[in-house]
Amino acid sequence: MELAFLDWAVIIGYLLLSIAIGVFVVKHNSKNITDFFVAGRNLPWWLLGTSIAATWFATDAPLAVTALVRSKGIYGNWLWWYLGAGIIMMVFFYAKYWRRSEILTDAEMIELRYSGKSASLLRGFTAAFFGIFKNCFTMGWIMLAMLKFSNIMLGWSAEFALGITLAFALLHTLSSGIKGVVVLDMLHFSAGTLGTIILAIFVMVQVGGPTELGTQIASRSDVPAGVLDMFPDISHVSITEMIGFVCLVGILWLGQAQGDGYIVQRLFSAKNERHAIKASLWFAVAGVVILTWPWIVVGLGSVVILPISEATEALLADPELAYPMMINEVLPVGLKGLLVAAFMAAFMSTMDTHLCWGGSYMVNDIYKRFIKKDANDKHYLLVSRISIVLLLLISAMAAWQMDSIAGAWVYIIEIVSGISIILMLRWFWWRINAWSEIASMLSALILANGFLWVRWMHGFGWISDHVLEITNGWYHEDVALIRATILLLVCTGIAIVVTFLTKPTDNATLLKFYKKVRPKGWWGPIAKQLPDLVDHSSTKGSWLGFIFGVIFLNSLLFSVGHAVLGGYKVALLLLFIGGVCGWLTLRFAASLKTQESP
């Protein structure tokens, strides 16, 4: 497919606008790594929340969502939606603590909370694992999506497309650090959201509107059973899949509850705790509700416009190609260029964020902590930029090893699930120590990759073919969510046992942490030593805010869903419920006690 001159004019114009904004922002030169990575802790909530949502809108997301709709149905998007409850919990229980800690990365929290060599070891390993391995793995699947998109929309070779898009992402990140990234994210989010909404509208027009979309899909025999179900129906899915769904929405959402990585990096950059709380709440709405339904509409429209029974061999093999193919099918000249620009924007905003976040780990938690502790600010800024380039190269290599974006999502859910509860408890229970986290992390890594150990032993003839067959069955993708839940429970149990078998964090470190963060929960022995700092406020408001927040978010989410399928009465009812619960959510969020509270 070749784009018209007008399309290229739109693309080039957008890229020039991005560069112009970057040049303006770079005038505010970073003086040190605090400026470079958290913008001097002076950014407003609306900019930060939008930036997090823009990072969620990577090139991979629309492609993966479209594939999920074509292969499973609407309910397949719970692989994304389940995170909403965790984000709302972050709003009411963790956002203010992250901002109050005044650190540069979440890995740095480890040595604020724990003591000794075990804390140093954990900090270094965490920075390497999350900042390099997990981060590069994530950027790899984002690059994979851009390769697929470029191949369909532009006809570029994989090497050329990867080189061009990475060059722009690298230029943005190196220019001005997190401040430049966040400001550009505002532009990228606006362009990306507008572009995907326009595409969804054109799809709706072509199929005849919301009601007709549902009617046409229901009449087709080549679509998955229950394709229009927003929740899995036991008559349309297997028992295994239903159990996996229950695990996802019942337990695995805890993995997002405290927040991590680039999300909390944005919270570190907030003006104060109030702005951190508001940023988290706006991110929940923008990311979970506003972004997802335009992608789902395109996925639903694709089963009508690009029927599964008539799909090309390439599309059957890789349903993630349906999204860019839909752009070619329904959009006129000019608007195709806008969508290409929107996807480039999505790619750049996500890569910028992950590069900046990963660079902060490599400099603050590895280089400055273990290699060169006493260099000047100029030196650390140089190392920051070098680290970003290295991360980009590693991520490019990771991209060549993947073929499925959704499959990569599931793997990440599984591999980090084992540590989620322990990471939450570190804030609320004084007895958790560095060995608790080390135990949960190592057991999670070992168990999540158990199939590798079994295959290795089978290669040496140490185990039988029967054991290998059982192992392969247990590590099949169909039971991934069930496996992740069991892994979470087992790793948490191991970590709790290790907690009681090892010594607590030393008293001085716990006192310092308590004075800094002033957490609630089970801090009895420490709180007794600092009675004047004990927070006696009730947590009832936080729990009610969390409950109403989850209802608000999901009511709004499914109100939009029923509207796009022509169910206007149900949509209005859910909108009313969402409005009431949203008002209550805001009231409880405003009542949270912060350091700025009178």
Side-chain angles (χ1 to χ4, degrees), residues 26-43 98-136 170 173-181 260-262 264-270 352-394 426 433-435 437-438 441 505-517:
V26 81
K27 292 181 180 179
H28 305 278
N29 290 322
S30 301
K31 297 178 180 178
N32 50 51
I33 59 173
T34 300
D35 283 344
F36 191 80
F37 289 121
V38 294
R41 309 189 196 280
N42 197 37
L43 296 179
W98 280 121
R99 178 58 184 83
R100 191 178 300 174
S101 65
E102 294 187 320
I103 51 182
L104 207 63
T105 67
D106 50 335
E108 187 178 345
M109 165 62 68
I110 293 168
E111 287 195 298
L112 178 65
R113 173 63 176 81
Y114 307 127
S115 60
K117 292 183 178 180
S118 59
S120 300
L121 173 66
L122 179 60
R123 179 178 177 180
F125 180 80
T126 298
F129 179 77
F130 288 99
I132 300 175
F133 173 76
K134 180 177 177 287
N135 190 32
C136 290
L170 187 62
T173 310
L174 295 179
S175 63
S176 56
I178 192 67
K179 188 171 183 179
V181 169
D260 60 12
Y262 70 86
V264 297
Q265 186 186 44
R266 296 299 190 273
L267 303 186
F268 299 151
S269 307
D352 288 349
T353 291
H354 281 276
L355 289 171
C356 197
W357 162 51
S360 69
Y361 273 31
M362 293 182 72
V363 174
N364 189 61
D365 302 301
I366 297 176
Y367 185 81
K368 186 178 179 181
R369 173 63 183 83
F370 296 103
I371 300 173
K372 195 174 183 63
K373 299 182 179 182
D374 55 356
N376 58 35
D377 291 331
K378 186 177 180 180
H379 177 81
Y380 288 130
L381 284 171
L382 175 62
V383 174
S384 298
R385 291 183 167 95
I386 294 173
S387 299
I388 286 168
V389 174
L390 290 175
L391 285 171
L392 194 65
L393 295 175
I394 297 171
R426 61 151 62 142
N433 60 34
W435 291 112
E437 290 197 26
I438 291 171
M441 188 174 292
T505 299
D506 70 61
N507 193 63
T509 301
L510 291 173
L511 286 172
K512 182 180 177 181
F513 177 80
Y514 194 86
K515 288 177 183 178
K516 183 74 172 179
V517 178

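By convention here, the first residue in the shown sequence is residue 1.
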Could you work out, with salt bridge (charged side-chain N to carboxylate O under 4.0 Å, His left out) as the rule, every residue matching [X], not counting sequence neighbours?
{"X": "Glu108", "answer": "none"}
{"X": "Arg369", "answer": "Glu111"}
{"X": "Asp365", "answer": "Arg123"}

Can you name the nearest heavy-atom pair linking [X] to [Y], along with the distance?
{"X": "Asn376", "Y": "His379", "result": "OD1-N, 2.8 Å"}
{"X": "Ser360", "Y": "Gln265", "result": "OG-NE2, 3.7 Å"}
{"X": "Leu112", "Y": "Ser101", "result": "CD2-CB, 4.1 Å"}
{"X": "Asp106", "Y": "Gly261", "result": "OD2-N, 3.2 Å"}

Applying side-chain hydrogen bond (donor to acceptor under 3.5 Å, both in side chains), name anything that partners [X], two or more places apart in sequence or on another chain.
{"X": "Tyr380", "answer": "none"}
{"X": "Glu437", "answer": "Tyr114, Arg426"}
{"X": "Asn433", "answer": "Ser436, Thr502"}

Could you tell me which residues satisfy side-chain contact (heavy atoms from CB on, under 4.5 Å) with [X], sequence neighbours excluded, listed by chain and number?
{"X": "Asp374", "value": "Lys372"}
{"X": "Asn135", "value": "Met139, His354, Trp357, Leu391"}
{"X": "Phe130", "value": "Thr126, Lys134, Tyr361, Val416, Ile419, Met441"}

**Prompt:** At what distance, to the nearest 0.5 angstrom, does CG of Leu382 lie from OG of Ser387?
**Reply:**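 Going from the CG atom of Leu382 to the OG atom of Ser387 covers 9.0 Å.
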**Request:** Apply the test side-chain contact (heavy atoms from CB on, under 4.5 Å) to residues Arg41 and Phe268: give CA-CA distance (whole Å), side-chain angles for both, the deciding distance (0.1 Å), then the verdict.
**Result:** CA-CA 6 Å; Arg41 309 189 196 280; Phe268 299 151; 3.7 Å; yes
Which pairs of donor and acceptor atoms, one on a side chain in residues 508-516, lie under 3.5 Å apart (sequence neighbours left out)?
residue : atom : partner : partner atom : Å
Thr509  : OG1  : Asp506  : OD1          : 2.9
Thr509  : OG1  : Asp506  : OD2          : 3.2
Lys516  : NZ   : Glu102  : OE1          : 2.9

